[in-house]
Amino acid sequence: MSKHYKDITITEDGQLMLKKAEKDQLETVWDRYESQLPQCGYCEMGLSCRICNMGPCRVDPFGEGPQKGVCGADADIIVARNLGRMVASGAASHSDHGRDLVEVLAAVAEGKAPGYRITDEQKLKSVANEYGIGTEEKDILKIAGDLAYCMQGDFGTRRKTITLIKRAPEVRRQLWEKVGVTPRGIDRETSEMMHRTHMGVDNGWDSLLLQAIRNALSDGWGGSMIATEVSDILYGTPKPVQTWANMGVLKADHVNILVHGHNPVVSEMILLACQDPVIVAFAKSKGAEGINLAGLCCTGNELLMRHGVAMAGNHLMTELVIATGAVEMLFADYQCIMPSLGNIATCYHTKMISTSDKAHFPNMEHHEFHPDNASELAKTLVRKAVENFENRGEVYIPVEPMPAVGGFSVEAILGALGGTPEPLLDAIKAGKIRGAVGVVGCNNPRLKHDYGHVNLIKNLIENDILVVDTGCAAVASAKAGFKNSEALQFAGPGLKEICGALGVPPVLHMGSCVDNVRILVLASALADALGTDISALPLAGAAPEWYSEKAISIGVYAVASGIYTVLGPMPPITGSMNIVKLLTEGLNDILGATFAVEPDPVKAALLIRKHIENKRAGLGLDSREVK
Ligand code: SF4
Ligand code: MSK
């Protein structure tokens, strides 16, 4: 690795662990990134196509080489097809995650999921009512079964529209209808996206992009929203909870177990097993003080939000955390789990367990979790983790953990405000809070780790902008100390006053990647309270370090829902200026919001602040000049 650690990550634990990894001769994501340079310029611009076997093809961006693929597709068509397929993959990932939860809900209703239960009965009933299911004097498990059945209907083609888009403001739904992007069925939109991008189907770059929008909306207001709601029903709707973040959450004198991935179906059962008094006693009999469960990425966020389980790191920290030598076992479910992790673990005593029938990894032991066996399997494997404690070698835990508060579901935020969004709106109207921004998404080795998240968030809160965050961005800001009682020192005077009065930090952790839908629901509540559309509000979104196809789907549904969204890394679209113009300008006329791309977080903050002040002026509120 030719770069200095400080050029790779701003985090202290990351820098210290990079040094340790080098000493241990580990190959990390940054080594592999460097070995890929220079990356393919055609692919970076979205100009390569391998959709069919007449290809692969590429279009020369300088006009000297070929301008069309073998089939005749030009740059616009190729870029649009590639982008559409990214959205389809992202939407499929979130939505399949949602489907897995619905299957657990159905199994609970049938009494076939020992260990799982309905935790939030009130939410079960209110969501069931949204689906038109009567709940008066009805058995809870019957309601759960009926809801699971109705939600399964949202995935298919039986309906004209998916159910939960009813949560969007009326005016937004009318706009979707007019533009022709109302999502009909969750799987249907992904399937149609894949169909349209087959060779010789949809060759209108603009109509392809409209389908990409409809597909992303089927994720945001469909698959992801179902994932979040069913998770709340099964495991509890988050409330503010104390937690800690960074690699210092590992404990040298405990059995350390990590969960990594996205779906709480497995990690909730691991948590219960780690709390089992018999297994804890077993750990003590092996010389440990107890069992310490910590999270990585979004399955970690799910546990953090509901139970305060500590967070060891975000996406790019997942290899390095194993190099602490302190991890007895790591459970992987799916999404964002680098295939390199099993190889890294071979250098230490860490046992690596893959848990999903649809996610296999090299050098991991595969133990499939299903609703009927999850509880017992979790206990069996956690006992094995305990047995592995005695195989530990040298342990290096580089830092002390950073305290943080998580658990800000919409219900918790409205609860803190006294049950309605009015106090937040009053603070916005009074200009004490200028607006709110959702900072979301991943890490990406193309950019300095956590630099974009931390500097963007810092800049926003010091300018009186409330930040809500999710995913790996939320982990970055927790590690940076933006989510504890000391964090108000970073906030501007107005934000400090309001958050201080409410007893909340200036950056509110709203959960995992699928939980971005909580931001949609909150934005809808604010818009409804003001009698306007989401696009009129002083809101924005940002994904400063995104890497995944899921992030593309999230960005597209955010913009399609009326939220101006600033991306850090450029998506692979620059091969088509038509598409760049549509996404960064044209969409404003169609959907009232656009994308912008700005990798520098200070400049991104300026773009966002200008946007927020413009929206304030549009609402007749005081507006500041932003320079
Ligand atoms: Fe080439 Fe067209 Fe086939 Fe793509 S779809 S690989 S551009 S022939
Ligand atoms: S885990 S999608 S790296 S946020 Fe949700 Fe993090 Fe991005 Fe995966």
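Please read these numbers as outputs of a predicted model, since none were measured by experiment. Hydrogens, waters and symmetry mates play no part in the numbers below; they use all other heavy atoms, side chains included. Residues take their numbers from the sequence shown, with the count starting at 1.
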Does a donor on one side chain sit under 3.5 Å from an acceptor on the other, for [X] and [Y]?
X    : Y    : value
D333 : S356 : no
D450 : T11  : no
Y131 : D154 : yes
N363 : T346 : no
T190 : N215 : yes
D515 : T470 : no
N314 : H449 : yes
T237 : S409 : no

Decide if atom [atom1] of [X] counts as having more than 12 heavy atoms of other residues, nucleotides or ligands within a radius under 6.0 Å.
X    : atom1 : value
E387 : CD    : yes
F282 : CZ    : yes
K239 : NZ    : no
E400 : CD    : no
K138 : NZ    : yes
K358 : NZ    : yes
K123 : NZ    : yes
K166 : NZ    : yes

Kindly indicate whether the side chain of [X], heavy atoms from C-beta on, has any atom under 4.5 Å from the side chain of [Y].
X    : Y    : result
M225 : I186 : no
V410 : M510 : yes
I226 : F155 : yes
T161 : W221 : no
C513 : N301 : no
F369 : V265 : no
L258 : T350 : no
V127 : E130 : yes

Atom pair [atom1]/[atom2] of [X] and [Y] - distance to nearest 0.5 Å:
X    : Y    : atom1 : atom2 : result
E268 : T299 : CD    : OG1   : 8.5 Å
I165 : S561 : CD1   : OG    : 10.5 Å
R306 : S231 : CZ    : OG    : 5.0 Å
K20  : D13  : NZ    : CG    : 14.0 Å
I140 : E121 : CD1   : CD    : 4.0 Å

Show your working on side-chain contact (heavy atoms from CB on, under 4.5 Å) between N388 and H349 and close with a plain yes or no.
CA-CA 7 Å; N388 196 24; H349 76 304; 3.5 Å; yes
Can you check salt bridge (charged side-chain N to carboxylate O under 4.0 Å, His left out) on R99 and D187, steps first, answer last?
CA-CA 10 Å; R99 185 195 345 265; D187 291 344; 2.8 Å; yes
Looking at every non-hydrogen atom in both residues, tell me the closest pair between [X] and [Y] and how far apart they are.
X    : Y    : value
V395 : I397 : CG1-CG1, 3.9 Å
N292 : K251 : ND2-N, 3.6 Å
Y557 : N516 : OH-CB, 3.2 Å
C472 : C297 : SG-SG, 3.9 Å
L341 : T318 : CD2-O, 3.5 Å
D232 : P238 : OD1-CD, 3.4 Å

Whether the side chain of [X] engages the backbone of [Y] through a donor-acceptor N/O pair (distance < 3.5 Å, no angle test) should be reported.
X    : Y    : value
S95  : A92  : no
S224 : G220 : no
D253 : E289 : no
D31  : T28  : yes
K351 : E365 : no
Q242 : A404 : yes
H307 : E302 : no
T355 : H367 : no
T243 : V241 : no
E545 : H453 : yes

Test side-chain contact (heavy atoms from CB on, under 4.5 Å) applied to L124 and V230, I143, L234, the passing residue:
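For L124, the side-chain contact (heavy atoms from CB on, under 4.5 Å) test succeeds with only one of V230, I143, L234, which is I143.
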Residue from K550, E549, H260 passing side-chain contact (heavy atoms from CB on, under 4.5 Å) with Q335
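For Q335, the side-chain contact (heavy atoms from CB on, under 4.5 Å) test succeeds with only one of K550, E549, H260, which is K550.
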Under the criterion side-chain contact (heavy atoms from CB on, under 4.5 Å), I'd like the reasoning laid out for D469 against K483: C-alpha separation, chi angles, the key distance, then a yes or no.
CA-CA 11 Å; D469 59 8; K483 290 188 169 124; 3.0 Å; yes
Going through the distances and angles, do R167 and E229 end up as a salt bridge (charged side-chain N to carboxylate O under 4.0 Å, His left out)?
CA-CA 13 Å; R167 294 177 169 188; E229 296 299 34; 2.5 Å; yes
When you check the gap from the basic side-chain N to the acidic O, do E189 and R184 get nearer than 4.0 Å?
yes
Considering only NZ, NE, NH1 and NH2 on the basic side and carboxylate oxygens on the acidic side, decide whether E319 and R32 come within less than 4.0 Å.
yes
Could you walk me through whether I270 and I257 pass side-chain contact (heavy atoms from CB on, under 4.5 Å), step by step?
CA-CA 9 Å; I270 305 298; I257 297 178; 4.2 Å; yes
Set of ring pair (Phe, Tyr, Trp, His ring centres under 6.0 Å) partners for H360, sequence neighbours left out
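Expected list: H366.
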For residues 310-335, pull every pair meeting ring-ring contact (aromatic ring centres under 6.0 Å, His included), keeping only residues two or more places apart or in separate chains.
H315-Y547
